[in-house]
Every structure is written in C-alpha cells, then in structure tokens.
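What follows is a set of notes on a single structure, which appears directly below.
These numbers come from the heavy atoms of this one structure, side chains and all, not from hydrogens, waters or symmetry mates. Remember, predicted model here, so these are calculated numbers, not experimental data.
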Amino acid sequence: MKKLTVFLALIVGLAGKDVFAQNKPRPSPPAKVSETIKTGATVTIDYSRPSVKGRTIGQEIAPFGEVWRTGANEATVFEINRDVTVEGQKLPAGKYSLYTIPGETEWTIIFNKAWKQWGTTYNEGEDALRVKVKPGKSAAFTEKLTFGIADNGTVSMTWGDTKVDFRVK
C-alpha cells in the first residue's frame, strides 16, 4: 500500500509539473505578421522571436554558411494565398517553412515544402525555391527577431544590426 501511495504521489507530481510548465512564457515568444500586398496576395509569416542576448549573428547564432531555421522553436511558416514571385522567381500559393543561409555579403532565402515541423528539421530535397539577397544594416539594433511586410511586397527581417529584405509580387 505504501508503494502504491508513493507511486501515485509521483504521478500526480509529474502531471502537475507539466501543467505549471505550460504557464511559463517561451524564451523566444511567438509572433505573426500578415499583409495583403498591392498585387492582392496575402503574405503571412508565423514565427518565434529569438533574442540576440549579446551573441554575434553569423558566429554564435545563425552561423554564416549554414542553414538556419530563421526563428526559434517550430519552423517559421511563410504562407501565401495565391501564386507570387519572390525576387522574380515563381512560388506557388501555399505554406512553406522559411530557412536561410546567412552570409556576410549574401543571404539565401529558402522556401521549403515541409512546413509543419520543428525548426531544426530540414531536408534540402523539399525546397520549393531558393533566392539570394544582399543583407544590410538595420536602422536600429533589434534584440528580438522581427519580420515586417510592406504593402509593396517587401518582406523585411531585422535582428541585431542586420536587415534582410526580399520582394514578393
């Protein structure tokens, strides 16, 4: 009987731990941005916002030359409700996971067909489109990763002192 009581107390304690853990905010909180651009397409980005926390982009975080999940937690989801072009290349309507390959002078933006997954799960064979863009300096330091979508179709990612734009039409 004593063993059963200890076992039940352990089960209740573990279950309670899970309930309380769900109330803690994530270190990289979720965010979502959506805009209907001038062409009539709606662009939505659902992502988590990691912080720089004194680290260097391209070194300790989002290492240059390596595929990066472009966010935190689950894969960042890029959704469009109609066929568009991204940097002049066709991308069919749908949902995609968004990855990047950061670089000092060039970033590769990757739209991957496998969108409902953890962010670190990446299969190059599922890529729908890759485009290359030039990074720039952000106007101000941005601690948490932030996406913005202008009505002209410019998608901006700012993080730290880096800003990366790509055009959706």
>> Check for me, please, whether Leu129 and Val155 land in the same ILVMFWY cluster - side-chain distances under 4.5 Å, paths through other members count.
In response: yes
> Which heavy atom of Thr76 sits nearest a heavy atom of Ile45, and at what distance?
Replying inline: CG2-CG2, 3.8 Å
>> Side-chain heavy atoms nearer than 4.5 Å, only ILVMFWY residues, links allowed to pass through others: does that put Val67 and Trp115 together?
In response: no
> Under the side-chain hydrogen bond (donor to acceptor under 3.5 Å, both in side chains) criterion, do Ser28 and Ser48 qualify, and how do the steps go?
Replying inline: CA-CA 6 Å; Ser28 299; Ser48 290; over 6 Å; no
> CD1 of Ile149 to OG1 of Thr154: how many Å apart, nearest 0.5 Å?
Replying inline: 10.5 Å
>> Lys53 vs Glu143, test: side-chain contact (heavy atoms from CB on, under 4.5 Å). Steps then yes/no.
In response: CA-CA 7 Å; Lys53 295 181 185 174; Glu143 177 64 25; 4.0 Å; yes
>> Show, in sequence, the C-alpha distance, side-chain angles and deciding distance for Ile61 and Thr56, and conclude whether the side-chain contact (heavy atoms from CB on, under 4.5 Å) test is met.
In response: CA-CA 6 Å; Ile61 50 175; Thr56 302; over 6 Å; no
> Side chains of Trp107 and Thr162: does their closest heavy-atom pair fall under 4.5 Å?
Replying inline: yes
> Any idea which heavy atoms bring Ala93 and Asp83 closest together, and the distance?
Replying inline: N-OD1, 2.9 Å
> With a 4.5 Å limit on heavy-atom distance, are the side chains of Tyr47 and Thr70 in contact?
Replying inline: no
>> With a 3.5 Å distance limit and no angle check, can you tell me whether Arg167 reaches the backbone of Thr85 through a side-chain donor-acceptor pair?
In response: no
> Going by heavy atoms in the side chains, are Val168 and Ile37 under 4.5 Å from each other?
Replying inline: yes
>> Would Ser51 and Lys144 count as a side-chain hydrogen bond (donor to acceptor under 3.5 Å, both in side chains) here? Give the steps.
In response: CA-CA 4 Å; Ser51 296; Lys144 289 192 178 294; 2.9 Å; yes
>> Determine whether the aromatic ring centres of residues Tyr96 and Phe78 are separated by less than 6.0 angstrom.
In response: no
> In terms of hydrophobic clustering (I, L, V, M, F, W, Y; side-chain heavy atoms under 4.5 Å; direct or indirect links), are Leu145 and Phe166 co-clustered?
Replying inline: yes
> Is Glu74 close to Gln117 at the side-chain level, that is, under 4.5 Å between some pair of heavy atoms?
Replying inline: no
>> Run the side chain to side chain contact (heavy atoms under 4.5 Å, CB included) test against Thr108 and tell me which residues pass, sequence neighbours left out.
In response: Ile101, Ile110, Arg130, Lys132
>> Using side-chain heavy atoms (C-beta onward) and a distance below 4.5 Å, is Trp118 in contact with Arg69?
In response: yes
>> Going by the rule ring-ring contact (aromatic ring centres under 6.0 Å, His included), which residues pair with Trp159 if we only count those two or more places apart in sequence or in a different chain?
In response: Trp68
> Which heavy atom of Arg49 sits nearest a heavy atom of Thr146, and at what distance?
Replying inline: NH2-OG1, 2.7 Å
> For Glu106 and Val133, what are the C-alpha separation, side-chain angles and deciding distance, and is it a side-chain contact (heavy atoms from CB on, under 4.5 Å)?
Replying inline: CA-CA 6 Å; Glu106 184 175 77; Val133 296; over 6 Å; no
>> Please say yes or no: joined through hydrophobic side-chain contacts below 4.5 Å, possibly via intermediate residues, are Val86 and Phe147 part of one cluster?
In response: yes
> What are the two closest heavy atoms between Pro135 and Gly103, and how far apart are they?
Replying inline: CG-O, 3.9 Å
> Is there a donor-acceptor pair closer than 3.5 Å between any side-chain N or O of Asn152 and the backbone N or O of Lys38?
Replying inline: no
>> Please evaluate residues Glu126 and Lys113 with respect to the criterion salt bridge (Lys or Arg N to Asp or Glu O under 4.0 Å), reporting the C-alpha separation (whole Å), side-chain torsions for both, the decisive distance (0.1 Å), and the verdict.
In response: CA-CA 5 Å; Glu126 293 290 318; Lys113 296 174 194 172; 5.7 Å; no
>> Do Tyr122 and Glu124 make a side-chain contact, defined as non-hydrogen atoms from C-beta onward lying under 4.5 Å apart?
In response: yes
> Are Val164 and Val77 in one and the same hydrophobic cluster, where Ile, Leu, Val, Met, Phe, Trp and Tyr link if side-chain heavy atoms are under 4.5 Å apart?
Replying inline: no
> What heavy-atom pair brings Thr158 and Ser138 nearest, and what distance separates the two atoms?
Replying inline: CG2-CB, 4.3 Å
>> Let me confirm one number: the NZ-CG distance from Lys137 to Asp161, rounded to the nearest 0.5 Å.
In response: 4.0 Å
>> Do Phe141 and Val52 make a side-chain contact, defined as non-hydrogen atoms from C-beta onward lying under 4.5 Å apart?
In response: yes
> Are side-chain heavy atoms of Val43 and Glu35 found at a separation under 4.5 Å?
Replying inline: no
> Does the pair Asp127 and Phe111 meet the rule for a side-chain contact (heavy atoms from CB on, under 4.5 Å), with working shown?
Replying inline: CA-CA 6 Å; Asp127 287 356; Phe111 300 88; over 6 Å; no
> Can you tell me how far CG of Asp46 sits from CG of Leu98, rounded to the nearest 0.5 angstrom?
Replying inline: 11.5 Å
> Closest approach of Thr44 and Ser34, non-hydrogen atoms and distance?
Replying inline: OG1-OG, 2.8 Å
> How many angstroms lie between atom CG of Asp165 and atom CD1 of Ile109, to the nearest 0.5 angstrom?
Replying inline: 9.5 Å
> For the atom pair NZ (Lys169) and NZ (Lys90), what is the distance rounded to the nearest 0.5 Å?
Replying inline: 15.5 Å
